[in-house]
Asker: 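Mind looking over this structure? Questions follow.
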Amino acid sequence: MGGRIVETEAYPPGDRSGHAYHGRTARNQSLFLDRGFAYVYFVYGTSYMLNVTAEEPGIGAGVLLRAIEPLEGINLMKRLRKTDKLRDLARGPGRLAAALQIDQRLDGVDLCANGPLWLGTAVRETTHVSTTARIGITREVGRLLRFFEAGSPFVSGPLNETRSR
DNA sequence: AAGAAGATTCGCT
DNA sequence: GCGAATCTTCTTA
């Protein structure tokens, strides 16, 4: 299964809402890997979240993948998500992880290698990216670090753009 | 040792 | 729209 990433959020170094802010722990250690690795964690007793590390080794920073446009293995993803609605397959970070069968076993995987989970080059370029505040956090609320493809029906949350390019 | 909060989702009203 | 579900981590509320 797979798809095209249409919504992300950035958690840069030193950001008070980021998991790395209080230093390295057993849970967040993979956030401190080199760029392009997976940081997977579990929240609310229900959902896994997938991040891509975004800084050099030793610096904890990452990008949360919040939504993909489903392209490959749609029937399998429908089974994993227990829904037939294409739009709901991977709209939201927990749903995205469920659709791609992502769990803690994929924590620390190299996303630029030939492994169980990887990132590739876009099959179709995103031309219009909108920016808003991040969703579901309580600190650094004012930073405009959520990015999504304008007009995509596969994006979660508010669609009113704060800024675009 | 116990409790609260958390980068959410789902089902019900 | 609201609250429950459900579990890991960090704090001591």
Side-chain angles (χ1 to χ4, degrees), chain A residues 1 3-55 59-70 73-74 76-109 111 117 119 126 129-150 152-163:
Chain A
M1 51 287 206
R4 191 169 149 266
I5 298 169
V6 293
E7 181 185 2
T8 63
E9 282 178 1
Y11 290 87
D15 187 278
R16 293 201 310 284
S17 62
H19 285 186
Y21 183 65
H22 297 287
R24 195 188 307 233
T25 66
R27 177 213 213 181
N28 70 16
Q29 55 177 334
S30 53
L31 252 187
F32 294 81
L33 294 171
D34 202 352
R35 297 181 173 95
F37 284 77
Y39 165 49
V40 178
Y41 72 96
F42 194 58
V43 267
Y44 297 127
T46 55
S47 308
Y48 287 99
M49 306 275 160
L50 172 62
N51 295 251
V52 182
T53 55
E55 279 292 343
I59 297 182
V63 172
L64 170 68
L65 302 189
R66 289 193 57 93
I68 65 172
E69 172 183 340
I74 287 173
L76 176 54
M77 290 196 282
K78 283 179 178 175
R79 270 209 305 282
L80 291 166
R81 285 274 300 114
K82 298 180 172 47
T83 179
D84 279 333
K85 289 185 178 174
L86 182 65
R87 183 161 181 260
D88 287 344
L89 283 187
R91 183 168 52 91
R95 292 167 170 176
L96 181 155
L100 297 179
Q101 211 168 24
I102 285 165
D103 59 29
Q104 71 278 5
R105 292 171 311 185
L106 293 175
D107 188 38
V109 163
L111 298 176
L117 183 66
L119 290 169
T126 302
V129 177
S130 291
T131 308
T132 70
R134 290 170 291 183
I135 296 175
I137 57 169
T138 56
R139 287 181 268 231
E140 306 262 11
V141 175
R143 303 186 74 177
L144 304 180
L145 292 176
R146 171 172 170 254
F147 306 93
F148 60 93
E149 180 179 38
S152 170
F154 300 102
V155 164
S156 71
L159 300 175
N160 51 313
E161 68 182 49
T162 306
R163 190 184 74 198

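All heavy atoms count here, side chains included; hydrogens, waters and symmetry mates do not. In what follows, every chain begins at residue 1, and chains take the letters A, B, ... in the order their sequences are listed.
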Asker: Among A:Asn51, A:Leu145, A:Ile5, A:Thr8, which one satisfies side-chain contact (heavy atoms from CB on, under 4.5 Å) with A:Val63?
Answerer: A:Thr8

Asker: Parallel, tilted or perpendicular for A:His19 and A:Tyr39, by the 30°/60° rule?
Answerer: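 Ring orientation of A:His19 relative to A:Tyr39: perpendicular.
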
Asker: Reckon A:His22 touches a base, only the sugar-phosphate, or nothing at all at heavy-atom distances under 4.0 Å?
Answerer: nothing

Asker: Given atom CZ of A:Arg16 and atom P of B:dG6, what is their separation to the nearest angstrom?
Answerer: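 Nearest whole value for this atom pair: 14 Å.
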
Asker: Expressed as a whole number of Å, how far does the P atom of B:dA7 sit from that of C:dG1?
Answerer: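 It works out to 23 Å between them.
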
Asker: Determine, for A:Glu149 against A:Arg4, whether the closest basic-nitrogen to carboxylate-oxygen distance falls under 4.0 angstrom.
Answerer: yes

Asker: Roughly, in whole Å, what's the span from OH in A:Tyr11 to P in B:dG6?
Answerer: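 So the OH-P distance, A:Tyr11 to B:dG6, works out to 12 Å.
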
Asker: Output one letter per nucleotide in nucleotides 8-13 of chain B: B when a protein non-hydrogen atom lies under 4.0 Å from the base, S when only the sugar-phosphate is that close, - when neither is.
Answerer: BSS---

Asker: In whole angstroms, how far is the P atom of C:dT6 from the CZ atom of A:Phe42?
Answerer: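 Distance check: A:Phe42 CZ to C:dT6 P gives 10 Å.
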
Asker: Quick check on A:Tyr21: does its OH atom have over 12 non-hydrogen neighbours (other residues, nucleotides or ligands) under 6.0 Å away?
Answerer: no

Asker: Please give, in whole Å, the distance from C:dT9 C1' to A:Tyr39 OH?
Answerer: 10 Å

Asker: Enumerate the residues from residues 25-38 of chain A whose closest heavy atom to DNA chain C is under 4.0 Å, giving them by residue number; use none for an empty result.
Answerer: A:Thr25, A:Arg27

Asker: Is it true that A:Arg81 and A:Asp88 make a salt bridge, defined as a side-chain N closer than 4.0 Å to a carboxylate O?
Answerer: no

Asker: Ignoring hydrogens and geometry, is there a side-chain-to-backbone donor-acceptor pair from A:Ser30 to A:Asp107 under 3.5 Å?
Answerer: no

Asker: Please tell me whether A:Thr132 and A:Arg146 have a donor and an acceptor in their side chains that are separated by less than 3.5 angstrom.
Answerer: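 The criterion, which ignores hydrogens and geometry beyond distance, is satisfied for A:Arg146 and A:Thr132.
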
Asker: Counting distance only, does the side-chain N/O of A:Glu9 pair as donor-acceptor with the main-chain N or O of A:Ile135 below 3.5 Å?
Answerer: yes

Asker: Going by distance alone, is a donor N or O of one side chain under 3.5 Å from an acceptor N or O of the other, for A:Glu7 and A:Ser156?
Answerer: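 On atom types as modelled, these side chains qualify, holding a pair under 3.5 Å.
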
Asker: State the dot-bracket string of DNA chain C. Criteria: Watson-Crick or G-U wobble, both atom distances under 3.5 angstrom; notation: ( ) intrastrand, [ ] crossing earlier pairs, | interstrand, . unpaired.
Answerer: |||||.||||||.

Asker: Taking CZ from A:Arg146 and P from B:dA7, how many angstroms apart are they, rounded to a whole number?
Answerer: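 From A:Arg146 CZ to B:dA7 P: 16 Å.
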
Asker: Does A:Arg24, at its CZ atom, have more than 12 non-hydrogen atoms belonging to other residues, nucleotides or ligands within less than 6.0 Å?
Answerer: yes

Asker: Rounded to whole Å, please give me the gap between CD in A:Glu7 and P in B:dA7.
Answerer: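 Checked: the CD to P distance equals 16 Å.
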
Asker: Does the side chain of A:Met49 come within less than 4.5 Å of A:Arg66's, by heavy atoms?
Answerer: no

